[in-house]
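Notes for the one structure printed next.
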Protein chains: 2
Amino acid sequence: MITTDFLRTHRTPVLTADDRSILENAVGRTLKMSARQIIVREGVPLKQCTLLLDGFIHRFKDTSDGRRQILAFHVPGDFVDLHSYPLKHLEHSVAASTDVEIAIFPHEAIRDITAKSPTLTELLWKSTLVDAAINREWLVSVGARSAAVRIAHLLCELQLRLERIERADAGGFALPMTQIDLADAVGLTPVHTNRMLRELRERKLADFREQYVRVHDREGLCAFADFDPSYLYLD
Amino acid sequence: MITTDFLRTHRTPVLTADDRSILENAVGRTLKMSARQIIVREGVPLKQCTLLLDGFIHRFKDTSDGRRQILAFHVPGDFVDLHSYPLKHLEHSVAASTDVEIAIFPHEAIRDITAKSPTLTELLWKSTLVDAAINREWLVSVGARSAAVRIAHLLCELQLRLERIERADAGGFALPMTQIDLADAVGLTPVHTNRMLRELRERKLADFREQYVRVHDREGLCAFADFDPSYLYLD
DNA sequence: CGGGCAATTGAGCATATTCAACCACAGTGG
DNA sequence: CCACTGTGGTTGAATATGCTCAATTGCCCG
């Protein structure tokens, strides 16, 4: 099923068979895109939403002086631009981090869902709000946590989000991005990000090498990161 | 009308008289609270939402090492915790910055709205997403803009948001908070915030004194702040 | 009058940035 | 086949930005 990972990620409310099929039937088509392609461009009117099926996607915004802030990393099961349904266009861009497979949900299909099923409507709404909660947690990280802690926190988050969809095990997970991407996400320079990764390695907490995060001491990492997963609303 | 400022803030979609009255009738009761009172405590199950009618409210989260990150400032017309309807509880707290007047919308009343009016449902959903867009813009500020620019950006945002509800004029606006609050919002220490405010004053852009922001050179301030208001979705 | 809070300033320090160099590796073209 | 090029990772040294600590002022309020 197209929506399997989405339902793994959001375990509540539990859906009836009816609702599950309404959701599944809202899928327009699926397609593949290659790494670094822009999926949604800032400001462009949208008529569809995108569910990520496989690969990684990130959302970002550039400032006038040439810096880039990554706003979100998306894993399979995430709607990457569901907020375009009420908002009609986005104030940031969305791009494929890796080669990806995505499913398209036309806005009309979403409108249909809202007409047919209050439960599904609430679930979709909720998913956009969990996304916002992650935005806020990143704001806390960048605004109030030190460089090393910030990075550790992000690794904890990704580990948990990937576990839900069975893309991680206790030992670690594939993270197909560069230190530059990581740096743009946590608001640091690539050079400093590199040094902080070394610190995490030297503390024997985690190790990011060859697109793979090896978590050596999960409890220690979470403690070091000041990590409290309640913002992910796993329930 | 209770919802006047909310409708001023969100000009689209334009509502029918029917929808306007459905929304207005969803109000349970209004009440006053005094400055610094906690309105919503992190993690507590919620059965109602809060619309701010008068005064200022902020949302915040504390880290384990005692730092506080302010996540949002709310002005009259903002729902401060509408996201509690789909999420059931919040991962952060909400507090009155000043003496405030608020209106309570029971979750049942919101559910009623979603049953009766798709247009209103979408409007409410949209309002939670504009809130999220502001979170993201703050993330860009804290992650990618320098201290002085960050503060200037926040002032530009507040000016615009307050103008929509006729709480600001071209010369400036009342901002009833301390430099400490400002510092916690932009991820700086109060000391450094103070110095950056001095810089804005010396550049003859804006001046924050006695709970009032005087904007001396609005165009210059916006330019200095790298301010693009599209994230507010004013339309 | 005294106590507490906010604003302000100075001095020294810590954290993160910038600039620069170097290595490894993959892809490209001669 | 091998030089050439571009990208990402790594490290060092100098610099800048923002933090900490400390002290002073003004003001409101009990």
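On a predicted model such as this, the values are computed, not experimentally measured, just so you know. Within every chain, numbering begins at 1; the chains are lettered A, B, ... in the order of the sequence lines, protein sequences first and strands thereafter. Scope of the values below: all heavy atoms of this structure, side chains included, with no hydrogens, waters or symmetry mates.
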Partners meeting ring pair (Phe, Tyr, Trp, His ring centres under 6.0 Å) with A:Phe6 (sequence neighbours left out): A:His10, A:Phe79

Using ring pair (Phe, Tyr, Trp, His ring centres under 6.0 Å) as the criterion, list what pairs up with A:Phe73, not counting sequence neighbours. A:Trp138

Tell me every residue that passes side-chain hydrogen bond (donor to acceptor under 3.5 Å, both in side chains) with [X], counting only those two or more places apart in sequence or in another chain.
{"X": "A:Ser93", "result": "none"}
{"X": "A:Thr3", "result": "A:Glu24"}
{"X": "A:Thr178", "result": "A:Asp181"}

5'-most to 3'-most nt of DNA chain C touching chain B (<4.0 Å, heavy-atom partner on protein side) reads C:dA6 to C:dA11

Please, which pairs that meet side-chain hydrogen bond (donor to acceptor under 3.5 Å, both in side chains) have at least one residue in residues 184-194 of chain B, sequence neighbours excluded? B:Gln179-B:Asn194

What's the CD-P distance between A:Glu210 and D:dG9, to the nearest Å? 11 Å

Check the distance between D:dT10's C1' and A:Phe208's CZ and give it to me in whole angstrom. 14 Å

So ring pair (Phe, Tyr, Trp, His ring centres under 6.0 Å) across residues 204-229 of chain A, not counting sequence neighbours, yields A:His153-A:Phe227

Residues two or more places apart in sequence or in another chain: which of them pass salt bridge (charged side-chain N to carboxylate O under 4.0 Å, His left out) with B:Arg150? none

Any donor-acceptor N or O pair under 3.5 Å, side chains B:His83, B:Thr128: no

Mind grabbing the angle between the end helix axes of the helix from C:dC1-D:dG30 to C:dG30-D:dC1? Five pairs an end, 10° rounding. 30°

The side chain to side chain contact (heavy atoms under 4.5 Å, CB included) partners of A:Val94 (sequence neighbours excluded) come to A:Ile39, A:Val40, A:Ile57, A:Arg59, A:Val80, A:Leu90, A:His92

List the protein contact pattern of nucleotides 15-30 of chain D with one symbol per nucleotide (5' to 3'): B for base contact, S for sugar-phosphate-only contact, - for none; contact means a heavy-atom distance under 4.0 Å. ---BSBB---------

